[in-house]
Amino acid sequence: MFKKILIANRGEIAARVIRTCKSMGIISVAVYSEADKDAPFTTMADEAYLLGGPRVNESYLNVEKIIEIARETRCDAIHPGYGFLSENGEFANRCNREGISFIGPDSDVIRKMGNKVEARKMMEKAGLPLVPGLSRPLAGKEEALLEAERIGYPIMLKASAGGGGIGMQAVHNGEELLKAYDGNQKRAQMFFGNGDMFIEKLIEQPRHIEIQILADGAGQAVYLWERECSIQRRHQKVIEEAPSAFLDEVTRKKMGEAAVKAVKAIGYSNAGTIEFLVDKDKNFFFLEMNTRLQVEHPVTEEITGLDLVELQIQIAAGLGLSLKQNEIKREGHAIEARIYAEDPKTFYPSPGKITALHLPQGEGIRHELAVNESSSVTPFYDPMIAKLVVKGSTRNEAIDRMQAALTAYKVEGIKTNIPMLSEILSYKAFKQGETTTDFIEKHYKKTQLPTS
Amino acid sequence: MAEIKASMAGSVWKIAVSAGETVTEGQDIVILESMKMEIPIAAEADGTVKEIKVNESDFVNEGDVLAIIE
C-alpha cells in the first residue's frame with residue numbers, strides 16, 4: 001500500500017481525498033496556490049506546499065512543480081481529484097515515468113476517452129449504443145447538411161473537443177444548421193484549439209443517467225448502479241441523485257452490464273463513469289466516459305456504503321478489486337445539491353468574502369466543503385463551494401430532508417444558488433421525477449423576473 | 001461617452017473589438033473570465049471604440065473601466 005499521497009487538486013475534493021487517506025493511515029500532502037493559502041484543505045493535510053500564483057497554469061496545472069514536490073516529499077502516488085490534471089493523459093504518463101503511481105486509469109485510455117470522436121468509435125466497438133450520428137468530424141457545412149438530412153432533424157451540432165456546452169447547439173432545420181455552424185466552429189477553435197465538428201440526432205425529453213464502474217484492469221469489473229444528473233444549468237450538473245427515479249430494474253441491469261462489458265473491452269482500470277442519455281422510452285445512448293472520480297460520487301457512496309476513494313487507491317496500489325457484483329448493495333435514496341457562489345437568477349459568478357456560514361445538521365446529512373466561515377471565494381476557480389448530500393430511506397424522505405437542510409443552510413457575504421435549489425426541490429415536477437435535462441429552462445427560468 | 005466597466009472581478013479573457021471600431025448596442029466588447037465562466041461585457045449603446053483600457057490576461061476588479069465608447 002502507498003505510504004504517502006499527494007493530492008493535486010483543491011477545494012472540497014482535496015478535503016475529501018485527505019479524509020480517506022487519514023482513514024487508511026496514509027500520509028497526505030496538499031498543494032495549493034497563493035489564492036488558496038488559507039483554504040481549509042491545506043490545514044487538513046499532514047503536509048502542505050505552495051505551488052505558485054493563483055492562476056491555474058502557475059498552480060494546479062503546473063506539472064513540473066507538482067512532480068517536484070511529489071519527488072522531494074517522497075510521495076509514492078498522486079490523486080488528481082476531478083478537473084485540472086485528472087483527465088490529462090500526459091500527466092498520468094509523466095507520473096508513472098517518475099515512478100509515482102497515478103491514481104486513475106492508464107494514460108492511453110485517458111487520451112482516447114478525452115476525444116469525443118475517438119471515444120464514440122471505441123465504445124461502439126465495445127458494444128455501447130450510440131446516438132445516431134457521424135463517428136468522424138464533418139468535412140464542412142455541405143456535409144453537415146447532407147448528414148443532417150440522412151439522420152433526420154432535430155439534430156445536435158457539437159464540437160469534438162467541446163465541454164461545458166461550448167460549441168454545442170440544437171438545430172431544427174437546414175437553415176438553422178447553416179446559421180449555427182460557423183459560430184460554433186469558431187468558438188470551438190477559440191476555446192479548445194480544435195474546430196472539428198460532428199453531428200448527432202437530438203434526443204427529445206432526455207435524461208442524463210450515468211453508470212459508476214470500478215475495474216482493476218485484470219479482468220474484474222463491477223457497476224455501482226446509476227446516478228441521475230439531469231438537473232443542469234449551463235450544461236453543468238446542479239442536483240444529482242441515486243438511484244434514478246426513472247429507471248426500472250430491467251433497464252438498470254441492461255445499462256450496468258453494458259457499461260461493464262465496455263470497460264472490460266477497453267482494458268479500463270480504476271473508477272470511471274459512463275454517461276448515457278436516456279430517452280422517454282428508456283432507450284439509452286453512450287454520451288461520454290469520464291476517466292476519474294466524479295463530483296457527484298457521494299450519492300453512490302451513500303446508497304452502496306462504499307468509499308470510492310479508498311477503492312481507487314487500492315486498485316492503483318495493485319491490490320485489485322475483490323468486490324463481486326452481487327455484493328454491491330443499493331439501499332435508500334441519496335441526493336446531492338451543488339452549492340455555487342453565483343447569482344441564482346443569472347447564474348453569473350459571485351466571488352467575494354464569506355462573512356457567515358451555517359451548516360444544517362441532522363439525520364442523513366453529509367457535507368463536502370471547500371470553505372469555512374471566513375473564506376474568500378476567489379475568481380480563479382470553479383464557483384462550487386460546497387456539496388450538500390442527504391440520504392433517506394425513500395426518494396420522498398430524501399427530498400424532504402434536502403428541503404429542510406437547504407432552508408437551514410446559510411452563507412452570507414456572497415450570493416449562492418441556494419434559493420434556486422430550494423425552489424427546484426419544491427416543484428411538483430421534481431417530486432414526480434420529471435427530471436429531463438431541460439428542467440431548469442422549463443420550470444425554473446420562466447418563474448424568474450429578469451434582473452436589472 | 002460611455003465607460004464599459006467590469007461587472008465582477010476576473011481576468012480579461014478576450015478583447016473582441018479594437019480602437020476606432022464602430023460598435024452597436026449589445027455587441028461584445030470584452031469577455032471576462034471569472035470562476036471558469038466567460039462573461040461577455042457588451043456595449044450599452046451604439047458608438048465608436050475610443051480606447052481599450054486593458055490587455056488580454058490582465059486581472060481586473062469589479063468596477064474597473066475596460067473600454068471607452070463614444
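Lettering of chains follows the sequences in order, A, B, ..., and the numbering in each one begins at 1.
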Q: Does NZ in A:Lys415 sit with more than 12 non-hydrogen atoms of other residues, nucleotides or ligands closer than 6.0 Å?
A: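 No, because the 6.0 Å sphere around NZ of A:Lys415 holds 12 heavy atoms or fewer from other groups.
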
Q: Side chain, backbone, both or neither: which part of B:Glu62 has a heavy atom under 4.5 Å from chain A?
A: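 Nothing of B:Glu62, per the 4.5 Å heavy-atom cut-off to chain A.
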
Q: Going by residue number, which parts of residues 347-356 of chain A are within reach of chain B, meaning a heavy-atom gap below 4.5 Å?
A: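 Checking residues 347-356 of chain A against chain B gives A:Phe347, A:Tyr348, A:Pro349, A:Ser350, A:Pro351.
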
Q: May I have the step-by-step check of side chain to side chain contact (heavy atoms under 4.5 Å, CB included) for A:Asp382 and B:Met37, ending in yes or no?
A: CA-CA 8 Å; A:Asp382 185 275; B:Met37 183 176 175; over 6 Å; no

Q: Looking only at heavy atoms, what is the nearest atom pair of A:Val377 and B:Met35, with distance?
A: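 That closest heavy-atom pairing would be CG1-CE, 3.1 Å.
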
Q: Counting only non-hydrogen atoms closer than 4.5 Å, does B:Ser11 touch chain A with its backbone (N, CA, C, O), its side chain (CB onward), both, or neither?
A: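 Only the side chain of B:Ser11 comes within 4.5 Å of chain A.
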
Q: Do A:Pro379 and B:Phe59 make a side-chain contact, defined as non-hydrogen atoms from C-beta onward lying under 4.5 Å apart?
A: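 Answer yes - side chains close enough.
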
Q: Take atom NZ in A:Lys37; do more than 12 heavy atoms of anything else shown fall under 6.0 Å from it?
A: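 Open.
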
Q: Inspect the surroundings of CD in B:Glu21 and state if more than 12 heavy atoms from other residues, nucleotides or ligands are less than 6.0 Å away.
A: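 Check passes, neighbour count above 12.
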
